2 protein chains.
Amino acid sequence: MDSVFFSKPRPGSGQPLGLSREAIVRKAMEMLDAHGMQKLSMRKLAAELGAAPMSLYWHVPTKDALIELCLDEIYGEFPLPAPDADWEPALREMMHSLRHLALKHPWWVRGIGEFNSIGPNAVAMADSMLEPMLRAGLSTAAAAQSVSTVSSFVTGFALAEANFAARGGMDEPPPDLGKIADLYREKHPRYVEMLNDPAVWMLEGQFEFGLDCVIDGIKARVAALRS
Amino acid sequence: MDSVFFSKPRPGSGQPLGLSREAIVRKAMEMLDAHGMQKLSMRKLAAELGAAPMSLYWHVPTKDALIELCLDEIYGEFPLPAPDADWEPALREMMHSLRHLALKHPWWVRGIGEFNSIGPNAVAMADSMLEPMLRAGLSTAAAAQSVSTVSSFVTGFALAEANFAARGGMDEPPPDLGKIADLYREKHPRYVEMLNDPAVWMLEGQFEFGLDCVIDGIKARVAALRS
DNA sequence: TACGAGCAACTTACATCGTACGAGACCGCA
DNA sequence: TGCGGTCTCGTACGATGTAAGTTGCTCGTA
């Protein structure tokens with residue numbers, strides 16, 4: 001049950017170094033971004049690295065651990081906000097960053113559901129989200145609640161978005177929409193009408209609308225919580 | 001790429017009927033609720049049903065298809081709101097229902113990330129979410145945006161909650177919190193302080209706070225969108 | 001120069017998985 | 001008595017994660 005993050009990689013003061021935890025994680029990230037978690041196998045990863053499958057297990061205890069490391073690598077790409085920014089623009093910008101991570105690494109959101117994110121980069125990110133809220137005068141609990149609320153929205157949105165993106169391009173209806181519409185036209189005309197509305201597939205706008213809603217809701221509370 | 005829902009189960013006007021799509025789905029749901037998607041195997045499911053593994057494949061084309069059927073079964077449990085309810089209480093109640101589904105079937109949220117939800121029950125649910133918003137005078141696109149926003153929040157919240165719930169009970173800190181706190185105490189004291197705040201682990205309250213935020217944000221827009 | 005210690009990579013092997021394929025078993029109807 | 005459809009099962013293949021043990025390398029030390 002112990003996380004990879006609780007113990008360092010194998011000591012390693014040796015020499016060979018054709019393989020390394022960093023190299024493995026890097027290549028695994030490539031393959032995850034390209035084909036997702038299901039398609040990544042230790043054997044294919046090893047082949048890609050020109051190594052035997054079991055060689056990876058010297059540097060990484062298990063496949064799940066490797067994925068946890070890759071997840072944390074994603075959080076490492078998260079751009080930290082300016083240290084003196086006001087909470088609202090800072091929060092808004094961080095949530096855009098979060099969504100961009102989700103678009104760049106489509107397997108990320110699914111990973112959230114299966115693994116705990118307690119790596120150093122994940123914690124640094126969470127910490128930096130807390131900071132502007134605390135500086136605005138919120139209590140620890142209130143800051144945590146606010147951050148949790150917006151990032152729940154963003155991850156939930158990304159979860160749906162990753163699903164659409166998986167079948168077909170961005171900002172356009174999925175290819176099998178016609179069949180779905182035919183199936184449900186008599187029973188759920190409202191629903192089918194929605195499917196045929198192009199505005200529904202403009203995900204950028206949907207995200208912006210939702211983010212505005214959530215931040216507005218928080219803004220109304222910040223004043224009260226601060227006093 | 002065709003969904004299970006585009007074609008009916010095998011014809012079946014025969015006799016044996018020791019096995020059936022319904023029985024298989026029912027038992028699969030039990031096992032999914034108990035142990036999650038990773039642990040469900042066609043072999044174990046067949047054993048549980050007292051059948052040979054390959055027998056299942058007469059009633060169900062594939063394991064993924066079976067999971068899609070189970071997912072839709074979950075949506076079938078969603079209680080539809082009163083047909084004349086005001087949009088705000090209706091939406092609020094539906095989102096509570098959604099969260100209860102997530103707590104009852106912890107694998108559900110992860111399933112959203114991997115499968116499209118276009119089964120009859122999923123569509124009926126989506127349709128019933130749209131209805132109160134449209135009745136309040138919103139356009140199709142505006143109604144869809146509003147619903148998408150709140151349900152993104154709920155699924156994102158459920159995603160995190162399912163993860164906590166997987167390791168330890170509800171409304172209490174995870175067992176390995178001590179180790180995590182020790183790891184990051186010097187580098188991210190703010191974060192560790194948050195982890196130690198009991199209010200952070202009261203998920204019920206967190207959910208309520210977030211839902212209030214999001215619905216408030218939407219409420220502010222409903223007036224404008226309606227005119 | 002010789003040698004053991006530990007690091008790193010490899011080989012082999014096993015259990016488990018989804019499922020393709022085809023052979024039966026049973027039925028109602030001709 | 002046969003036939004075609006409906007269901008169940010047995011066998012088998014390829015892929016997967018990884019436990020266990022083996023081999024060779026480079027050291028520090030004697």
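Reminder, nothing fancy here: chain letters follow the sequence lines and each chain counts from 1. Being a predicted model, the structure only gives us computed values, none of them experimental.
- A distance-only check finds no donor-acceptor pair linking the side chain of T62(B) to the backbone of A65(B) [under 3.5 Å].
- Rounded to an integer number of Å, the gap from H59(A) NE2 to dC7(C) P is 12 Å.
- In this structure, of dG17(D), dT6(D), dA8(C), it is dT6(D) that holds the atom nearest to the side chain of W58(B).
- Between H105(B) and W107(B), the angle of the ring planes goes over 60°, which puts this pair in the perpendicular group of the 30/60° scheme.
- For the pair M37(B)/K63(B), no side-chain contact is recorded, criterion being any heavy-atom separation below 4.5 Å from C-beta on.
- Distances shorter than 4.0 Å separate some side-chain N or O of T62(B) from OP1 or OP2 on dT19(C).
- A cation-pi arrangement is present between R99(B) and F207(B) under the rule of less than 6.0 angstrom and at most 45 degrees off the ring axis.
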Is there any protein nitrogen or oxygen under 3.5 Å from a nitrogen or oxygen in nucleotides 19-21 of chain D, and what are the pairs?
none

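- No more than 12 heavy-atom neighbours from other residues, nucleotides or ligands sit within 6.0 angstrom of CD on Q38(B).
- One atom, CZ of R21(A), and another, P of dC7(C), lie 15 Å apart when rounded to the nearest Å.
- Taken residue by residue, residues 25-51 of chain B places heavy atoms nearer than 4.0 Å to DNA chain D at R43(B), A51(B).
- The distance between atom CD1 of I67(B) and atom P of dC17(C), rounded to the nearest whole Å, is 13 Å.
- When each of R185(B), K187(B), R190(B) is checked for a salt bridge (charged side-chain N to carboxylate O under 4.0 Å, His left out) with D127(A), only R190(B) meets the rule.
- In this structure the side chain of S117(B) never reaches within 4.5 angstrom of the side chain of E68(B), judged on heavy atoms.
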Could you walk me through whether K104(B) and E77(B) satisfy the salt bridge (charged side-chain N to carboxylate O under 4.0 Å, His left out) test, starting with their C-alpha distance in whole Å, then the side-chain angles of each, then the deciding distance to 0.1 Å, before giving a yes or no? CA-CA 11 Å; K104(B) 187 171 172 196; E77(B) 296 177 10; 3.3 Å; yes
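- Contact check, S55(A) against dA8(C): no side-chain N or O comes under 4.0 Å of OP1 or OP2.
- In this structure, K63(A) atom NZ and dT16(D) atom P are separated by 9 Å, rounded to whole Å.
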